[in-house]
Structures are given as C-alpha cells and as structure tokens.
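To start, the structure itself, in structure tokens.
Counting starts at 1 for both ligands and their atoms, in listed order.
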Amino acid sequence: MHLELDGKGALYEQLTRALKRGILGGHLGGGSKLPATRDLANDLGVSRNTVLTAYELLCTEQLAMARGGSGTYVAHNMGPRTSPSASHAVGPQSRYAARTRRLGPTMLARTQPPVRYDLHCGEPLLSPALASGWRNELGKAAMHTELRYTTLQGLAALRQAICDHIARRRGVLANPDDIVIVSGTQQALSLVARVLLDDNHRAVIEDPRYELAFQTLRAHGCRIVPVRTDEDGLVTNELPTTSVRLVYVTPSHQFPSGSTMSLPRRMELLAYASERRCWILEDDYDGEFRFDSKPIPALRSLDVRDRVIYVGSFSKIVFPALRLGYVVCPKALVDDLVAAKKLDDLGCPAIEQAAMAEFIKSGRLERHLRRGTAELRRRRNCLIDGIRSHAGKHIRLIDSRAGMHLIGWLPGFTYARFAKLIELGRQRGVGLHAIHHFYSVAPETPGLILGFAGLSPIQISNATKILGACIDEV
Ligand SMILES: Cc1ncc(COP(=O)(O)O)c(C=O)c1O
C-alpha cells in the first residue's frame, strides 16, 4: 500500500492522517481489510506500536473497526464522498484549496449512519412546537418584508432586538450600529479571518478547541498557537510573548471541556489584548444555558477598550438550520466586516431576519429560552443520574452546569479499551464520542463528550443503561 507521511508531528499521527486520507478519498474501500500491523510497520520502517496506535485512533474515530483476531477493517459506510477521479483529478488550484484538502473531517459533521441513541454534542434541542411556531413567524414576516436586496449589515429591527436581548441576557451593551448580522458563527469566523489575518499571522486558539474555528483559521493560512485551558478557562500566563493578531475563546463555556473563564483570567486576557493591540474573538455559542445561576455576563461586557469581537448565534438557542448569528463588532472593524460580508453574500436573508426580530421583540424567544432551559435541565439530570447509576464506578463526570453536553473521563481505561467501548456502543445503538480529537495532544485519560440535548429523558436513561453494560463488557 502506498502511504505518504507528511513529516509533521509524531509518526503515529502522520500515519493516522495518511490512512484517513486513503479512507476518506476512497482508496481504501469500505469493508476492506487494513494490512497486518507487522507488515505495514515493515513496509514503512516504523515500529509496530506506531501502526497499532494509528489503527486504534482510526477505530476511535469510527473510520475503522477491529475484529478480534482477524484484523482491522475500514468501516463499511466509508468511501469517497464523490468519485476520486472527480474531486482529485487535478491538484489543488489555490493555496486555500491545498490547505482545505489537508484538513481532516470534523467530529461535528456526521460520518456514521445514525444510531438509536446518539449522545452527539451537536444535536440540538428540537420540538414540533418550535417548527410550527417558526413557520408562523416566517409567514407573518413574508407579508411585510421588503423583497429587494437587503441591508448588508442586517435589518435595523433585528439589530435593535439583538441589542435589547444581549443587554438583558448577556450584560453586553451595544448600539445597533455595532451589530453585523451573519449566517452563524461560521461566517463570523471566516469574515473575521479575512479582515484581520494575513498569511502567517499568529492566532491563538484554546486547547482543547472548537474544530471549525481551528479549521477556518488554518484554511485561511495563519499560524495557530494552541494555548492550554484548565478549570478557569484559558491559561493566560501561557499566552505567547511573540506578536499575535487574534485570540479565539469560548469564555462562558469552554468548548469542549466545559470550564468557565474566571474573572481574573478574563481581566488578564483583556489586558493582554489591550497591551498588544490584538483582538479577541469571543464565541458565546451556548452561554445562555446555565443551570445553577443566572448566565454569567459575556467577556465583552468587561471590554472597555473595544478589543472583543463578540459572536452570538441562534444555532443552539433556536435551531442550527436557521444559519443566523450576529457580531458585536469593535467600532474600528465594522466597515471592514460589512465590506467582507458584501462580497460574501450581499447580506443575510431578509425574511428570516424579520421573523427573528419579531420573535425576540414579542418575548417569544425569551419564553422559548425559559422552556428550553427547563427541558435541558431535565435531560442533563437524567444523564447525570443514569451515568451515576450505571457507570459511576468508571466515569468521572465533569459537570459544567451549562450548555448541552458534559464531559465524562474514564480513568483506568487505555485508548485501546476505549476504542472497543465506542465500537460496542455503536453496535448496541449508542453513539459515543471521544473528546481527545479536540486536543492538540491526546490527554492521558480517554474521555467522552456527552451531548444530552437531542434525546428525551427516557432515551437518555436507555442510553446510559446500555453504556454501563458496554463498559462492563469491554
Ligand atoms: C464552539 C461552538 N461555536 C459555535 C457554534 C455554532 O456555530 P454556528 O453558529 O455556525 O452554527 C457551535 C455549535 O456547535 C459550537 O460548538
């Protein structure tokens, strides 16, 4: 088998990437057997352990499956998304395309067939009432919305409604002129990258990290500096002393570890940005869901020097298919951001914006959030109770009291045993997802990122029962 190692990082990482490219590109077909570890180690001149670790990582990512005794096989549903001849007939046509081709898949994008109980952290809290309510909002909005090209910065009514909402809920005082409506956090990240970063500028990103922020900045061509996080959020005294243009953070609820950035760290980060004249991108993706107290005000609420680009999204609090979010933009950047938005899409869809403006103004978003928080609390309690009863001896839960997922560490588990657990869970209908993919170096102890928003309490109970049984078996 021809595998090209890219020379970056540890050998097992290089090999995992090369195999992944082979699987996702369709060169290693679904169901086919991977070479025996000894043979591949000999072919490549690496140790057998390197190959074993790479295979284990592929199994953890569910790209491959170990069949006890008979070897490791490419997962059945794997294959090229398009025919290899169509997508890779030519080399990348730009540096951007070359960089995006090198990015791996993201954990947030589903590569597996659905399972009965998927504890995926990207699953939103949905309800039939929400869908029919939103249909009504859209119907009403369509009747009175101007159908010509819309304002680039976003409808004034929505920008005003967002200002009221974030003042009440996030402690952020903004003027409608500071707001730019975007199609979700993802567009905000792309626009900010274009406006702030040239090739080789440095951007700090939290470790562990939100993959799409990492990939967006990487594809853009900047140099990424991972900075560790702990229970108080970003470890600010490890911020680089070299020049940095942007620091990306999730202070309300670090993604994925769940910590909340402490006040001293917030102040240190703001001081760092102000001294070095760099920018902070605050991704406040689910900061409105807290279960112990009122939501903690956003970092932007402390930002007297106007260095924080605050990004809010309706993906978690309403639903992700909306593709609607907003940036509270430092004054110095508004025009550049709007110019980039113009070249991207000439503004977000007006009817959806008008519907959202009314949804907020009428108090229906507030009601939806109150009900949503109560429902999420029920689901979260159910997950905590279920894990304690069925897997309490093995899983150490980190309860961040916020958001839509918890972290469960499995001390005493090796990664090989952990991969077996994930595979067995899938066979029994429970989707389990590893946290180590989000780290620049896998932590010693394997851990699960346990999303609870997308399953009912009963489903969560069933899932934890199965999880407990799987742990006992592996
Ligand atoms: C850290 C983080 N940021 C942002 C988002 C939302 O992104 P978007 O607004 O593009 O849907 C998510 C969703 O899962 C997330 O996990």
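Per-residue contacts place Lys316 under 4.0 angstrom from the following atoms of ligand 1 (heavy atoms of the residue considered): 13 (C), 14 (O). Ligand 1 places these atoms under 4.0 Å from at least one heavy atom of Phe255: 1 (C), 16 (O). Below 4.0 Å from some heavy atom of Thr185 lie the following atoms of ligand 1, by number and element: 4 (C), 6 (C), 7 (O), 8 (P), 9 (O), 10 (O). Interface of Ser313 with ligand 1, defined as ligand atoms under 4.0 Å from a residue heavy atom, comprises 8 (P), 9 (O). Within the listing of ligand 1, atoms 10 (O) sit less than 4.0 angstrom from a heavy atom of Gln186.
Taking only non-hydrogen atoms, the option from Val311, Asp283, Leu189, Asp284 nearest to atom 2 (C) of ligand 1 is Asp283. Closest to atom 10 (O) of ligand 1 by heavy atom, among Met404, Arg323, Gln187, is Arg323.
An N or O contact shorter than 3.5 Å is missing between Tyr248 and ligand 1 by distance.
Looking at Asp345 and Lys341, a side-chain N of the basic residue comes within less than 4.0 Å of a carboxylate O on the acidic one, giving a salt bridge. A salt bridge does not link Arg102 to Asp6: none of the charged side-chain nitrogens sits closer than 4.0 Å to a carboxylate oxygen. Salt bridge Glu375/Arg379: present, at least one basic N to carboxylate O contact under 4.0 Å. With salt bridges taken as basic N to acidic carboxylate O contacts below 4.0 Å, none links Arg323 and Glu352.
Between His405 and His433, the distance separating the two ring centers is not shorter than 6.0 angstrom.
Closest heavy-atom contact between Arg228 and Glu238: NH2-OE2, 2.7 Å.
In Pro320, neither the side chain nor the backbone holds a heavy atom less than 4.0 Å from any atom of ligand 1.
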What's the verdict on side-chain contact (heavy atoms from CB on, under 4.5 Å) for Arg202 and Arg245, showing C-alpha distance, side-chain angles and the deciding distance? CA-CA 6 Å; Arg202 280 194 195 81; Arg245 184 53 70 87; over 6 Å; no

